[in-house]
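We use all heavy atoms of the structure for the numbers below, so side chains are in, but hydrogens, waters and symmetry mates are not.
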Amino acid sequence: MADEVVLAIPNLALAQHLFTLSQPTLSHLHADARTELLKGITDHQMAPYYKLILSSPSSSALPKDEALLAKMEEANKEELNRLDERLEEAQKTEGESEISDALKGRANFLTRVGEKDLAISAQLLALEKTPGLGSRIDIVLTLVRIGFFFGDNDLITTYLSKAESLIDEGGDWDRRNRLKVYSGLHALSIRQFKPAAALFADALSTFTATELLTYNEFVSLMVVSNVLVLGRVELKKKVISAPEVNQVLPEMPILGELIRSLYDCHYDKFFIALATLEQTLLLPSRILSPHARFYIREMRILAYAQLLESYRSLTLESMSQAFGVGVAFVDA
């Protein structure tokens, strides 16, 4: 097991709230997203991130509050000065371990407040000065999270590769399993559903990466990816019968309806569940939204193919009746 607490920085939930506010079609979610985004920024004193939002195309996402910004900037200045003094003291009178801790403290502060470029530089300096393999892996995974937070795919791929190299040098089981979740999330973000599904399935019983995703978020992504790529036998074994999945399905009933209706060949219910999934999970997700159209099309094809396997000959009319849709929809 990892011997250090993994900080949930940067707070990826805030990036999701900002995405929600950037989507006009999600206007019914804007009020809650705005409240949560502003609360997160205020709680974590995220002056740099607040300024970034106000200067971006998403500037209308939050109201401009000069007093709040000034207060947060002053708090950030005081905290950074304190951390710089601690680092200077460690460099003058203490050893390698204390210097490493001071560097990580400074880097984590810059990461928490959303100062992207300075945070990356500070994390890299901490990485250079930190001797322990486990701590080095944690720093590299923090760099990956910075990439996810700001949507920087180059940063994600660079440091996922670095993390894999470090893990191969002797990373513990906890960090190996967390890396599976990071790699799976990246694969999903670039429409690689099959590798994402395998990585998520492998990590299901050992999930600890709560700094990246909540458990329910992870299970929902695991189900969404696996239902698309697994055959019926494997779907039953790895998803439908998985106790970890069944534990959270009551909180996500639409996913339960989707997998059960597909497996039980209740195609009319399946299409209703798929349409609901698109509106309630795929389109509102900053990870899944770019792939929603692709996913819906592939799931339709999967259901058609499953039905066709049972018959040598089917008319469009009989298929449309089975799926509860019009002939034109099936033929589209």
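Contact check on R176 versus D172 returns no salt bridge, with no Lys/Arg side-chain nitrogen under 4.0 Å from an Asp/Glu carboxylate oxygen. Between E211 and R178 there is a salt bridge, since a side-chain N of the basic residue sits under 4.0 Å from a carboxylate O of the acidic one. Ion pairing between a basic and an acidic side chain is recognised when a charged N comes within 4.0 Å of a carboxylate O; D264 and K269 show no such pairing. Salt-bridge annotation for E73 and K51: present, with a side-chain N of the basic residue lying under 4.0 Å from a carboxylate O of the acidic one.
Counting heavy atoms from C-beta on, the side chains of E89 and E94 come closer than 4.5 Å. At least one side-chain heavy atom of I146 sits less than 4.5 Å from a side-chain heavy atom of P10. Annotation: side chain of V219 is not in contact with side chain of E244 (no heavy-atom distance under 4.5 Å). Side-chain contact between L155 and V144 is absent, with no heavy atoms from C-beta onward closer than 4.5 Å. Residues L307 and C265 fail the side-chain proximity criterion, which asks for heavy atoms closer than 4.5 Å. Side-chain contact between M72 and I41 is present, with at least one heavy-atom pair separated by less than 4.5 Å. Side-chain contact between L288 and L221 is present, with at least one heavy-atom pair separated by less than 4.5 Å. The closest side-chain heavy-atom distance from L281 to T276 is not below 4.5 Å.
Geometrically, R232 engages Y263 in a cation-pi contact defined by less than 6.0 Å to the ring centre and at most 45° from the axis.
L302 contributes atom CG, which lies 5.5 Å from atom CG of L262 (distance to the nearest 0.5 angstrom). Going from atom NE2 of H17 over to atom CD of E36 covers 5.0 Å, rounded to the nearest 0.5 Å. Here Y215 contributes atom OH and S220 contributes atom OG; the two are 11.5 Å apart, rounded to the nearest 0.5 Å. Expressed to the nearest 0.5 Å, how far CG of L143 lies from CG of L127 amounts to 7.0 Å. To the nearest 0.5 Å, atoms CG (L83) and CG (N108) are separated by 9.5 Å. Going from atom CD of E234 over to atom CD1 of I240 covers 11.5 Å, rounded to the nearest 0.5 Å.
Between N226 and L235 the shortest heavy-atom distance is O-CD1, 4.4 Å. Of all non-hydrogen atoms in P63 and L54, the two that sit nearest each other are O-CD2, 4.2 Å. Nearest approach of A292 to L282, heavy atoms of both residues: CB-CB, 4.0 Å. Nearest heavy-atom pair, P284 versus L26, reported as atom, atom and distance to 0.1 Å: CA-CD1, 3.7 Å. The two residues L14 and F149 have their closest heavy-atom pair at CB-CE1, 4.3 Å. Minimum interatomic distance between L133 and G171 (heavy atoms only, all atoms of both residues): CD2-N, 4.0 Å.
Although no hydrogens or angles enter the test, the distance criterion places no donor-acceptor pair under 3.5 Å between the side chain of R136 and the main chain of L166. Judged purely by atom type and a 3.5 angstrom limit, S55 uses its side chain to pair as donor or acceptor with the backbone of L52. Without hydrogens or angle criteria, E74 side chain to K71 main chain gives no donor-acceptor distance under 3.5 Å. Side chain of E78 to backbone of A75: no donor-acceptor contact under 3.5 angstrom is found. Put simply, the side chain of D202 never gets that close to the backbone of K180: no donor and acceptor are under 3.5 Å apart. Remark: the backbone N or O of T210 is not paired with any side-chain donor or acceptor of T214 at under 3.5 angstrom. With hydrogens and angles disregarded, no donor-acceptor distance shorter than 3.5 Å links the side chain of Q23 to the backbone of H30. S241 places no side-chain N or O within donor-acceptor distance of the main-chain N or O of K237, the cut-off being under 3.5 Å. In terms of modelled atom types and a separation under 3.5 Å, the side chain of Y50 and the main chain of D65 share a donor-acceptor contact. No side-chain donor-acceptor contact under 3.5 Å links S135 to the backbone of P131.
Ring-plane geometry between F193 and Y295 is classed as tilted, the angle between the planes lying from 30 to 60 degrees on a 0 to 90 degree scale. Between F200 and F218, the angle of the ring planes goes over 60°, which puts this pair in the perpendicular group of the 30/60° scheme.
Linking Ile, Leu, Val, Met, Phe, Trp and Tyr whenever their side-chain heavy atoms come within less than 4.5 Å puts I139 and F148 in one cluster. Under a hydrophobic clustering in which Ile, Leu, Val, Met, Phe, Trp and Tyr are joined whenever their side-chain heavy atoms come within less than 4.5 Å, directly or via other members, L185 and L199 fall into different clusters. Using a 4.5 Å cut-off between side-chain heavy atoms of Ile, Leu, Val, Met, Phe, Trp and Tyr, with links allowed through other members, L283 and L29 fall into different hydrophobic clusters. Follow the hydrophobic side-chain contacts under 4.5 Å out from V6 and you never reach F109; the two are in separate clusters. Put simply, M299 and L188 are part of the same group of oily side chains (I, L, V, M, F, W, Y) that touch within less than 4.5 Å, one to the next.
D43 is linked by a salt bridge (charged side-chain N to carboxylate O under 4.0 Å, His left out) to K39, counting only residues two or more places apart in sequence or in another chain. For E115, the side-chain contact (heavy atoms from CB on, under 4.5 Å) criterion is met by P48, L110, V113, L118, not counting sequence neighbours. D84 is linked by a salt bridge (charged side-chain N to carboxylate O under 4.0 Å, His left out) to R106, counting only residues two or more places apart in sequence or in another chain.
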Inset, instruction - Please test S100 against T130 for side-chain hydrogen bond (donor to acceptor under 3.5 Å, both in side chains), starting from the C-alpha separation and ending with a verdict. - result: CA-CA 5 Å; S100 172; T130 297; 2.8 Å; yes

Legend entry - Candidate pair D138 and R175, rule salt bridge (charged side-chain N to carboxylate O under 4.0 Å, His left out), full reasoning: CA-CA 8 Å; D138 291 342; R175 292 181 172 95; 2.9 Å; yes

Inset, instruction - Begin with the C-alpha distance, continue with both residues' side-chain angles, and end with the deciding distance and a verdict on side-chain hydrogen bond (donor to acceptor under 3.5 Å, both in side chains) for H291 and R191. - result: CA-CA 7 Å; H291 317 299; R191 200 174 289 181; 3.0 Å; yes

Legend entry - E257 and F270: CA distance, side-chain angles, deciding distance, side chain to side chain contact (heavy atoms under 4.5 Å, CB included) verdict: CA-CA 7 Å; E257 181 66 20; F270 168 78; over 6 Å; no

Inset, instruction - Let me see the working for L37 and I53 under side chain to side chain contact (heavy atoms under 4.5 Å, CB included), right down to the final yes or no. - result: CA-CA 11 Å; L37 178 58; I53 293 173; 4.2 Å; yes

Legend entry - L258 vs L274, side chain to side chain contact (heavy atoms under 4.5 Å, CB included): CA-CA, chis, key distance, verdict: CA-CA 6 Å; L258 182 80; L274 186 61; 4.1 Å; yes

Inset, instruction - Verify salt bridge (charged side-chain N to carboxylate O under 4.0 Å, His left out) between E79 and R82, making sure each step is shown before the conclusion. - result: CA-CA 5 Å; E79 180 67 8; R82 186 188 68 78; 2.8 Å; yes

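Through direct or indirect side-chain contacts shorter than 4.5 Å among Ile, Leu, Val, Met, Phe, Trp and Tyr, L103 is connected to L87, I99, L125.
Pairs passing the side-chain hydrogen bond (donor to acceptor under 3.5 Å, both in side chains) check and including a residue from residues 145-170, sequence neighbours excluded, read K116-D152, T142-R145, R145-Y182, N153-H186. Judged as a side-chain hydrogen bond (donor to acceptor under 3.5 Å, both in side chains), not a single pair has a partner in residues 280-289 (not counting sequence neighbours).
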